[in-house]
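The next block holds one structure in the form of structure tokens; read it before the comments.
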There are 2 protein chains.
Amino acid sequence: MPHPPVHSPTILCTVDVVLLTLTADGLQVALLVRDRAPHAGALALPGGFVRPTEDSGTRDAAARMLREKTGLHSPYLEQLATFSGPDRDPRGWSVSVVYYALVPPMAPDDGAPAAVEWHPVDRLPPLPFDHAEIVRQALARVRSKSQYSSLPVHLCGERFTLPQLKLVYEAVLGERVNQVSFRRRMDELGMLEPMVGETVGGAHRPAQVWRVKEAFRGELSLSERVLAGRD
Amino acid sequence: MPHPPVHSPTILCTVDVVLLTLTADGLQVALLVRDRAPHAGALALPGGFVRPTEDSGTRDAAARMLREKTGLHSPYLEQLATFSGPDRDPRGWSVSVVYYALVPPMAPDDGAPAAVEWHPVDRLPPLPFDHAEIVRQALARVRSKSQYSSLPVHLCGERFTLPQLKLVYEAVLGERVNQVSFRRRMDELGMLEPMVGETVGGAHRPAQVWRVKEAFRGELSLSERVLAGRD
DNA sequence: CTAATAGTGTCTATAAGACAGTATACT
DNA sequence: AGTATACTGTCTTATAGACACTATTAG
């Protein structure tokens with residue numbers, strides 16, 4: 001049986017994850033202090049080697065990386081792209097399959113190891129490898145997909161109000177969203193259901209609480225049209 | 001210096017290419033007869049092992065694969081996704097970074113080795129590995145991107161008429177395109193320039209010949225809106 | 001002149017945005 | 001009652017599609 005070119009130098013096969021959340025300070029990306037060379041001590045994306053004995057695929061490896069390194073489970077985990085080349089990792093020719101994940105903002109000690117540092121995506125520290133470029137592409141993807149899909153709901157908790165969700169879209173897209181159109185679209189998508197009777201709101205008229213319908217949980221709703229048109 | 005887990009079984013790192021063209025019989029995908037195990041003799045996507053000593057990245061490997069196996073150079077070559085797992089290749093745990101390419105229909109003996117077989121995408125023979133799924137995803141991507149970008153121009157030759165280009169969009173999208181809207185959009189994109197004086201057309205009014213402007217060649221024009229609305 | 005395709009002008013339908021109104025809480 | 005926010009009704013504007021008209025060629 002013919003075999004791969006064993007005479008060739010080994011290719012390092014890794015997975016990296018761009019884990020994003022949204023706080024009052026905008027989109028944040030999870031960074032970890034690397035505990036080993038190369039770049040020991042530096043802040044970098046969670047990642048590591050694929051383990052053929054454990055992982056059933058790179059997606060599985062990415063989920064494992066999240067679990068082991070951040071203590072998180074993200075229901076939304078999607079492949080971004082694969083980065084490769086002889087120079088991106090000083091250890092040798094490497095291939096990194098990159099995933100991105102979106103999670104709701106966490107309570108301060110919500111099981112996440114203290115090692116996780118959240119950094120605003122527009123004020124990142126210098127990152128090792130090609131991680132800066134990877135984050136840039138992840139952001140572009142998230143912003144692009146948010147135009148015509150329900151992606152941003154993964155940045156909300158399980159229950160949310162439409163004004164809250166609108167703010168999330170605005171934060172991700174970086175521009176104002178038309179209130180009337182936004183509500184029309186969310187209605188047309190048919191993806192949300194009101195928690196009847198449940199409202200939240202402090203000093204003024206309380207807002208209806210919604211959640212994603214069972215059938216739509218875990219996957220995205222795609223729209224033919226732009227979901228969040230400008231105001 | 002810490003090293004990758006050398007005790008782990010090797011991960012096979014490969015590249016596959018979904019090469020598409022458009023003929024009167026619709027979208028066609030390039031298949032090659034495999035000359036070695038596994039699946040020797042079967043029709044499969046062009047692909048092979050990444051060669052760290054030769055390739056500067058997986059994109060480069062994909063371009064090499066195209067060149068070596070089909071004799072073609074495709075100006076449009078984009079990463080589709082990466083497929084991985086223990087079972088997709090009988091030789092072991094593998095990662096395949098898949099690219100897709102679009103080329104104009106070729107003259108019968110335009111340098112392509114005889115080994116290249118073009119098959120209509122909607123009537124493919126059984127394919128080995130996970131190549132059927134890969135082709136499916138490539139088609140979905142191409143159709144999706146054609147909605148709002150100039151992608152289909154890569155299926156035309158260097159010069160084309162607007163009626164021809166409209167037919168290409170219709171073939172890719174699988175639905176009729178509104179003539180007036182189509183011309184409006186192509187005009188607004190500002191990507192095409194007329195070859196003044198050049199027209200083609202047989203028995204009736206000849207059509208203006210166009211080409212992609214220098215500045216837009218090699219890259220896509222993206223539109224905020226749907227490029228090819230229904231008729 | 002006819003036929004057939006290329007290309008345009010313009011009306012209509014649809015969808016998005018603006019804006020102002022009503023609704024409902026807390027003070 | 002006042003005020004601030006939630007939500008809605010409706011007018012205006014922008015964009016897409018339908019349709020018919022003109023343009024240009026061959027025969």
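Below, chain A is the first sequence line, B the second, and so on; all start at residue 1. Values in this document were obtained by computation on a predicted structure and should not be read as measured data.
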List for me each residue that meets side chain to side chain contact (heavy atoms under 4.5 Å, CB included) alongside A/Arg136, sequence neighbours excluded, and say none if there are none.
A/Glu133
Which donor-acceptor pairs under 3.5 Å do the side chains of residues 196-209 of chain A make with protein atoms, sequence neighbours left out?
residue  : atom : partner  : partner atom : Å
A/Glu198 : OE1  : A/Arg159 : NH1          : 3.1
A/Glu198 : OE2  : A/Arg159 : NH1          : 2.6
A/Gln208 : NE2  : A/Met195 : O            : 2.9
A/Gln208 : NE2  : A/Glu198 : O            : 3.3

Nearest whole Å is fine: how far is D/dC7 P from A/Leu165 CG?
12 Å
Find the distance A/Gln147:CD to C/dA16:C1' and express it as a whole number of Å.
15 Å
Without decimals, in angstroms, what is the distance between B/Glu188 CD and D/dT15 P?
8 Å
In whole angstroms, the gap separating C1' of C/dA15 from OH of A/Tyr148 amounts to 20 Å
Taking the minimum atom-to-atom distance to the side chain of B/Arg185, which one of D/dG17, C/dA16, D/dA16 wins?
D/dA16
Set of residues satisfying side chain to side chain donor-acceptor pair (under 3.5 Å) with respect to B/His119, sequence neighbours excluded:
B/Glu117
To the nearest 0.5 Å, what is the distance between CD (A/Gln28) and CG (A/Leu22)?
8.0 Å
Using heavy-atom distances to pick each residue's nearest nucleotide on DNA chain D, tell me which of A/Trp210 and A/Arg184 is more 5'.
A/Trp210
Shortest side-chain distance from B/Ala207, nucleotide among D/dT10, C/dG7, D/dC7
C/dG7
Extract all donor-acceptor atom pairs below 3.5 Å that involve side chains of residues 121-132 of chain B and protein atoms in other chains or at least two apart in sequence.
residue  : atom : partner : partner atom : Å
B/Arg123 : NH2  : B/Asp25 : OD1          : 3.3
B/Arg123 : NH2  : B/Asp25 : OD2          : 3.2
B/Asp130 : OD1  : B/Arg88 : NE           : 3.4
B/Asp130 : OD1  : B/Arg88 : NH2          : 3.0
B/Asp130 : OD2  : B/Arg88 : NE           : 2.7
B/His131 : ND1  : B/Leu45 : N            : 3.2

Separation of atom CG in B/Asn178 from atom C1' in C/dA6, rounded to whole Å:
15 Å
For A/Arg183 and C/dA15, give me the distance from atom CZ to atom C1', rounded to whole Å.
19 Å
What is the distance from CZ of B/Arg176 to C1' of D/dA16, rounded to the nearest Å?
16 Å
Sequence neighbours excluded, the answer for side chain to side chain contact (heavy atoms under 4.5 Å, CB included) partners of B/Ala63 is B/Leu77
Using atom names, set out every protein N or O paired with an N or O of nucleotides 20-24 of chain D below 3.5 Å, distance rounded to 0.1 Å.
residue : atom : partner  : partner atom : Å
D/dA23  : O4'  : B/Arg205 : NH1          : 3.3
D/dA23  : N3   : B/Arg205 : NH1          : 3.0
D/dT24  : O2   : B/Arg205 : N            : 3.3

Taking any heavy-atom pair under 4.0 Å as a contact, classify A/Ala203: base, sugar-phosphate, or nothing.
base
DNA chain C nearest-nucleotide lookup for B/Val209 and A/Thr199: closer to the 5′ end is B/Val209
Mind calculating the distance between NZ (A/Lys166) and P (D/dC7) to the nearest angstrom?
12 Å
A/Arg143 to A/Val172 - nearest heavy-atom pair and separation:
NE-O, 3.0 Å
